[in-house]
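Down below is the structure, laid out as structure tokens.
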Number of protein chains: 2
Amino acid sequence: MEKKWTQLWLAYRPCRESENGPVVRYTALEGFDLAHPVVKNAWREWRRGIGGMLGITPKLTERETLQKEGARGGLWIRRNEDGLILGGYRIHADAAGTVCLEAGEETGLLYGVFYLLRCVAMQRPLTELSICCNPDNLLRMTNHWDNMDGSIERGYSGRSFFFEKNRVIVNGRTRDFARLAASVGINGVVINNVNVKDEATWLITQKHLGALAKMAEIFAGYGIRLFLSLNYAAPMELGGLDSADPLSEEVRSWWAERFRIVFSAIPKLGGFLVKADSEGRPGPFTYGRTQADGANLLADLVQPYGAVILWRCFVYNCTQDWRDYKTDRARAGYDNFIGTDGAYHENVILQIKNGPMDFQIREPVSPLFGGLRRTNQMLEVQIAQEYTGQQIDLCYLIPLFQEVLSFQTYCAKQQDTVADIVSGRTFGEKDEKERAARPRWGMAAVCNTGNEENWTGNDLAAANFYGFGRLAFDTSLSAEEIAKEWASLTFSNDPGTRDAVVALLMGSRDTYEKYTSPLGIGWMVTPSTHYGPSVDGYEYSRWGTYHRADHLGVGVDRTDVGTGFVRQYHEPNASRYNRLEQCPQELLLFFHHVPYSYVLPSGKTLIQHIYDSHFEGVREVERMIEVWESLREKLPSKPYERVRERFARQLENAREWRDQVNSYFYRKSGIADEKGRPVYGALGKETGNEISVQ
Amino acid sequence: MEKKWTQLWLAYRPCRESENGPVVRYTALEGFDLAHPVVKNAWREWRRGIGGMLGITPKLTERETLQKEGARGGLWIRRNEDGLILGGYRIHADAAGTVCLEAGEETGLLYGVFYLLRCVAMQRPLTELSICCNPDNLLRMTNHWDNMDGSIERGYSGRSFFFEKNRVIVNGRTRDFARLAASVGINGVVINNVNVKDEATWLITQKHLGALAKMAEIFAGYGIRLFLSLNYAAPMELGGLDSADPLSEEVRSWWAERFRIVFSAIPKLGGFLVKADSEGRPGPFTYGRTQADGANLLADLVQPYGAVILWRCFVYNCTQDWRDYKTDRARAGYDNFIGTDGAYHENVILQIKNGPMDFQIREPVSPLFGGLRRTNQMLEVQIAQEYTGQQIDLCYLIPLFQEVLSFQTYCAKQQDTVADIVSGRTFGEKDEKERAARPRWGMAAVCNTGNEENWTGNDLAAANFYGFGRLAFDTSLSAEEIAKEWASLTFSNDPGTRDAVVALLMGSRDTYEKYTSPLGIGWMVTPSTHYGPSVDGYEYSRWGTYHRADHLGVGVDRTDVGTGFVRQYHEPNASRYNRLEQCPQELLLFFHHVPYSYVLPSGKTLIQHIYDSHFEGVREVERMIEVWESLREKLPSKPYERVRERFARQLENAREWRDQVNSYFYRKSGIADEKGRPVYGALGKETGNEISVQ
């Protein structure tokens with residue numbers, strides 16, 4: 001039976017010829033047990049990959065015979081903990097041509113094997129390798145916002161492959177998902193939506209634990225721990241208690257008993273992700289308790305099982321009055337959490353979105369990074385593209401994530417970037433091995449997968465899944481290197497084709513930014529769906545997401561004479577953001593209310609920049625389509641056509657953004673585009689704005 | 001078992017004492033058969049009403065004994081066709097005190113009985129009556145947008161009482177609905193949504209015909225004909241044909257056979273309502289045919305069964321490009337139908353919305369009225385309040401309907417109002433009796449009922465149902481008279497209470513208009529839901545509903561230098577609308593794009609008018625609430641509290657409208673409110689608009 005899903009970057013297409021052939025014929029395994037599920041899966045993957053790519057069936061042999069049997073010495077896999085932490089591996093070849101893969105434990109071996117397979121696929125000679133890879137982040141997670149009815153919140157590639165009709169699904173796709181995730185280093189997966197309601201509340205009951213245990217077992221075979229999102233109100237909804245107060249003894253007992261049941265069914269469960277006191281979800285604030293009270297209760301109770309609590313910091317007032325200019329949603333994360341710094345128990349991890357708002361195409365970095373100094377932290381990013389094109393528009397997000405990771409917070413004299421902080425280097429145990437022994441730091445991505453054949457709707461969107469995993473494992477990789485890997489593995493080693501795809505990916509974020517909301521202001525999207533423009537869509541709403549445009553200017557004053565948000569940053573960031581002339585241009589309207597006539601460093605006025613950027617953005621999409629169409633002969637027809645269809649929709653979307661945003665600001669400012677391009681005023685296309693009074 | 005619904009204006013509350021007592025004790029029936037279902041129901045209603053109000057059980061007797069038995073002569077019901085048409089009745093008393101009710105046929109009798117019951121309830125002495133009531137409109141219909149799953153499109157008072165879980169419901173509420181409808185003269189009811197999809201397509205099959213026949217029978221007992229909405233694509237969806245082309249012989253045969261089946265099951269079916277080629281519904285345009293081709297096909301085939309086809313004129317391009325300033329949705333009805341005038345067969349009736357757009361709080365009258373001269377026409381209004389407060393905000397619509405009816409189209413030297421046209425007086429058979437013999441003219445209302453206890457969500461919204469029926473029957477009634485009747489019957493004969501309720505109703509439409517969209521521009525509502533403000537919500541959409549505001553002015557130029565819509569009217573209307581100074585102020589922005597600085601006849605600038613009107617509107621809602629609260633002791637607590645809760649929501653809605661609209665125009669125009677009231681600019685409440693540039 002043909003599978004209903006593709007293998008993405010694990011397609012293992014045949015390589016025409018390869019100098020790696022001799023090396024991969026024989027493998028010796030030393031210090032590892034082939035019966036261990038992870039080792040078994042690694043060996044399976046190796047045989048599958050080499051078989052697919054080189055038409056060779058690798059055989060196991062003894063170390064001593066490697067040299068005799070193979071022309072170049074074969075592959076020697078050995079256990080070696082020196083300098084390697086959990087998940088780390090080292091690869092080097094000796095003069096005789098034996099390629100040695102070392103790992104301190106099984107997942108390191110697995111990752112090493114995937115690394116070697118990538119090299120074979122990209123036709124890099126294994127004998128030339130000399131690398132040591134320890135993961136930068138100890139937790140590398142995907143968060144799936146899948147609902148038990150099979151729908152996916154902010155899902156743009158079909159329905160869930162974890163749930164269907166209120167049941168947990170475990171099938172061949174579960175394993176293939178685990179393979180894909182493990183191949184890029186993912187080691188934790190939250191399978192259900194953070195908004196836990198209805199049937200999902202029952203995931204922690206006997207009803208579903210059997211199926212979940214099976215899934216956890218499959219995941220474990222790929223070094224992945226299963227996590228669940230938790231309903232904070234479960235003691236009430238499942239237990240019939242009157243409250244979910246974290247300081248109530250009754251509530252504590254209820255959770256204790258519940259966790260006993262859950263962990264005896266799924267000993268390998270990694271823990272729970274909790275969205276509390278957010279967007280209508282219940283939480284400790286309901287009972288006048290702190291976020292720490294709430295998180296610690298659960299953390300203490302899962303501690304005996306070696307599990308952790310991932311506690312989201314996405315807490316803000318989502319019933320704001322738009323007339324209220326004092327409240328600033330950007331401030332909320334910091335204001336709600338900074339006072340609890342140090343109050344969390346050791347197995348609580350705060351999960352913090354990259355920006356202070358919500359996954360916009362451009363935001364400053366959340367000031368909680370660098371603000372919190374005594375709390376375990378994880379960076380949450382989103383590859384589902386809720387606000388960044390929804391897997392219709394191409395938007396390769398790895399450059400954005402890299403910017404976030406390399407952002408210098410000035411919270412310490414050195415090692416003060418977001419990458420340093422979330423890896424635990426800044427505030428975690430100083431000793432890397434100690435830190436790795438109890439992983440409390442890392443990165444999570446709200447995931448973009450669904451049950452469509454190609455997993456991610458737009459075939460090119462798979463680069464974000466791939467890239468997130470690779471980057472989370474090795475934050476020193478560049479977005480371009482990652483794109484190259486992915487394009488080679490997915491499409492072709494042909495440099496022309498690969499580089500064209502890489503160029504499309506690399507330019508896509510800037511392009512998307514150009515034709516959508518300008519200069520860091522964000523939003524301007526259609527309410528609810530979040531696709532397509534609606535400049536005023538959120539301007540008079542309760543969500544705290546305003547642009548404050550009037551006939552003279554646009555932008556939110558978050559300086560120290562405005563909402564004061566800038567003060568949440570360390571110096572010199574605070575001052576840099578505070579001063580109009582020093583503020584990075586791409587964040588100008590995030591921090592300042594600026595007149596349309598203000599002259600940017602480029603010499604353009606703000607309004608002209610808005611016009612130019614939107615016309616440019618659309619032109620770039622047109623060019624992207626030309627590039628894609630030039631690849632028609634080079635690519636398999638199915639993904640080619642799928643992506644082409646997406647590009648057509650992207651172009652339509654980009655034009656709509658351009659025309660709505662430009663027309664909106666033209667009508668509001670009355671300042672015409674210097675270049676006289678089509679902008680739609682009150683009386684139609686660029687009429688010079690005469691008023692028809694007879 | 002207590003009923004789960006109220007009796008509205010048929011509550012028949014006890015009257016303390018009454019001089020009508022003697023009159024109603026005995027009734028003589030002459031020329032009518034008590035076994036006739038309508039007569040039987042009329043007699044039942046009479047006994048129920050008199051029993052409830054006066055504690056008397058009326059008895060049937062002979063005409064000759066009336067004088068002997070009763071002190072005042074009793075009620076003499078007799079058949080008399082002289083001067084009475086279908087549904088008409090005459091009431092007068094002789095010197096001896098006998099009250100005589102004359103009717104030409106059974107429904108006239110029924111309506112006469114309801115009239116008498118109203119008089120009793122309002123404590124008007126029956127012996128003083130001397131009236132002759134022939135209905136002005138021959139068809140007086142409600143259109144229910146009920147879906148078979150039980151939901152109601154644009155329904156704001158619960159779920160359907162006609163359908164549930166894809167089945168037709170026939171129960172006690174069916175009869176009570178028929179009683180309520182008949183009591184105000186309704187004689188036709190379309191029970192299903194004009195958007196016919198899914199299960200509703202199957203209403204014309206054996207699956208549902210049995211239940212529908214039962215419903216039709218109940219309706220017929222109250223002089224009401226059942227109608228159905230039809231899916232124009234049924235030959236394809238049910239019949240499996242390749243097309244629904246009205247000129248295809250195959251399609252014709254399919255419909256012929258289908259109607260044979262339907263009418264043999266429900267001989268009393270009145271016909272079908274069709275929404276074709278509109279908002280995604282299929283229609284003749286799909287096959288390059290005219291609307292007349294489409295309507296005539298069906299009309300010819302239902303003709304043998306004495307049925308009619310109601311064909312909606314709500315045809316426009318709902319995928320308009322907002323950048324297209326040439327296309328004007330207001331023109332669409334006229335443009336699509338005027339060319340087919342005279343092409344419709346005699347049992348086709350075009351059903352035309354009151355305005356050229358879609359049930360806004362203020363629109364000009366559709367130019368199809370007065371445009372079409374050789375086509376049967378019906379006026380469609382909407383009491384469901386989709387755009388006029390959704391049965392939360394009080395908006396008594398009878399004044400609006402009256403304005404429409406009294407609008408002079410200048411299509412003829414006399415009898416040229418909309419009331420004249422839709423009654424058939426202008427273009428129908430000159431002889432009233434002939435016209436009445438085959439009713440092809442009238443009024444329809446998209447209805448506001450649902451299965452909530454009080455039928456209409458807001459108890460005061462029932463006045464729109466009551467008022468529509470009364471007005472459709474007698475277009476000479478004033479909105480205020482109708483309100484008085486309704487308030488008396490529903491709440492109290494106490495003049496203070498009644499007049500307070502009447503005042504609330506009478507002011508409500510102006511109030512609603514003041515706090516929502518100004519001067520006829522309409523829309524500015526939240527997309528999809530249509531409740532609450534979103535000034536730009538439809539500005540960049542595909543629906544053809546724009547306000548074209550920029551920093552200098554607002555409004556749509558529909559003059560002869562604009563879209564030319566004004567030319568669809570006869571003179572002098574066309575010129576009056578065309579000239580800014582002559583255009584009625586309430587329609588100013590519907591016809592003209594006007595600078596904010598333009599001085600209105602009131603001496604105010606346009607922008608100041610917008611501000612003032614919105615502040616006034618909210619103040620008026622506050623005053624309405626005070627009035628309502630002053631009635632607390634005078635009214636039963638349940639409706640009192642229900643309405644109070646609605647008023648609270650209305651106030652919130654009105655404030656939101658005021659602040660969003662005012663802030664929007666302030667931000668756009670930069671012109672401050674002269675009175676310095678709170679308007680929210682770019683930097684918060686009335687800041688004088690300084691820009692924070694450091």
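Note that the structure is a prediction, hence the values are computed from the model and not measured. Order of the sequence lines sets the chain letters (A, B, ...), proteins ahead of strands, with each chain counted from 1.
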Worksheet, complete the sentence: Ranking B/S534, B/A549, B/P527 by heavy-atom pairs under 4.5 Å to chain A gives rank one to B/A549
Worksheet item: Checking heavy atoms, do the side chain of B/E539, its backbone, both or neither come under 4.5 Å from chain A?
Response: side chain
Practice prompt. Could you give me the CA-CA distance, side-chain angles and deciding distance for A/W322 and B/Y680, then say whether side chain to side chain contact (heavy atoms under 4.5 Å, CB included) is met?
Written response: CA-CA 9 Å; A/W322 60 269; B/Y680 303 83; 3.7 Å; yes
Item to complete: Select one option (side chain, backbone, both, neither) describing which atoms of B/Y664 are under 4.5 Å from chain A's heavy atoms.
Response: both
Response to the item:
All heavy atoms of A/E656 vs all of B/Y540, minimum pair found to be OE2-O, 3.9 Å
Item to complete: Find out whether the Lys NZ or Arg CZ of A/K668 is both under 6.0 angstrom from the six-membered ring centre of B/F665 and within 45° of the ring's axis.
Response: no
Fill in: Under 4.5 Å from any heavy atom of chain A - which part of B/D536
side chain
Response to the item:
Nearest heavy-atom contact between A/A682 and B/H593 is CB-CE1, 3.3 Å
Discussion item. Are more than 12 heavy atoms, taken from residues, nucleotides or ligands other than B/E645, located less than 6.0 Å from that residue's CD atom?
Written reply: yes
Discussion item. Under the criterion side chain to side chain contact (heavy atoms under 4.5 Å, CB included), I'd like the reasoning laid out for A/R548 against B/L683: C-alpha separation, chi angles, the key distance, then a yes or no.
Written reply: CA-CA 7 Å; A/R548 309 292 193 201; B/L683 299 174; 5.8 Å; no
Worksheet item: Is atom CD of B/E622 surrounded by more than 12 heavy atoms (other residues, nucleotides or ligands) closer than 6.0 Å?
Response: yes
Worksheet item: Where on A/S663 is there a heavy atom nearer than 4.5 Å to chain B: the side chain, the backbone, both, or neither?
Response: both
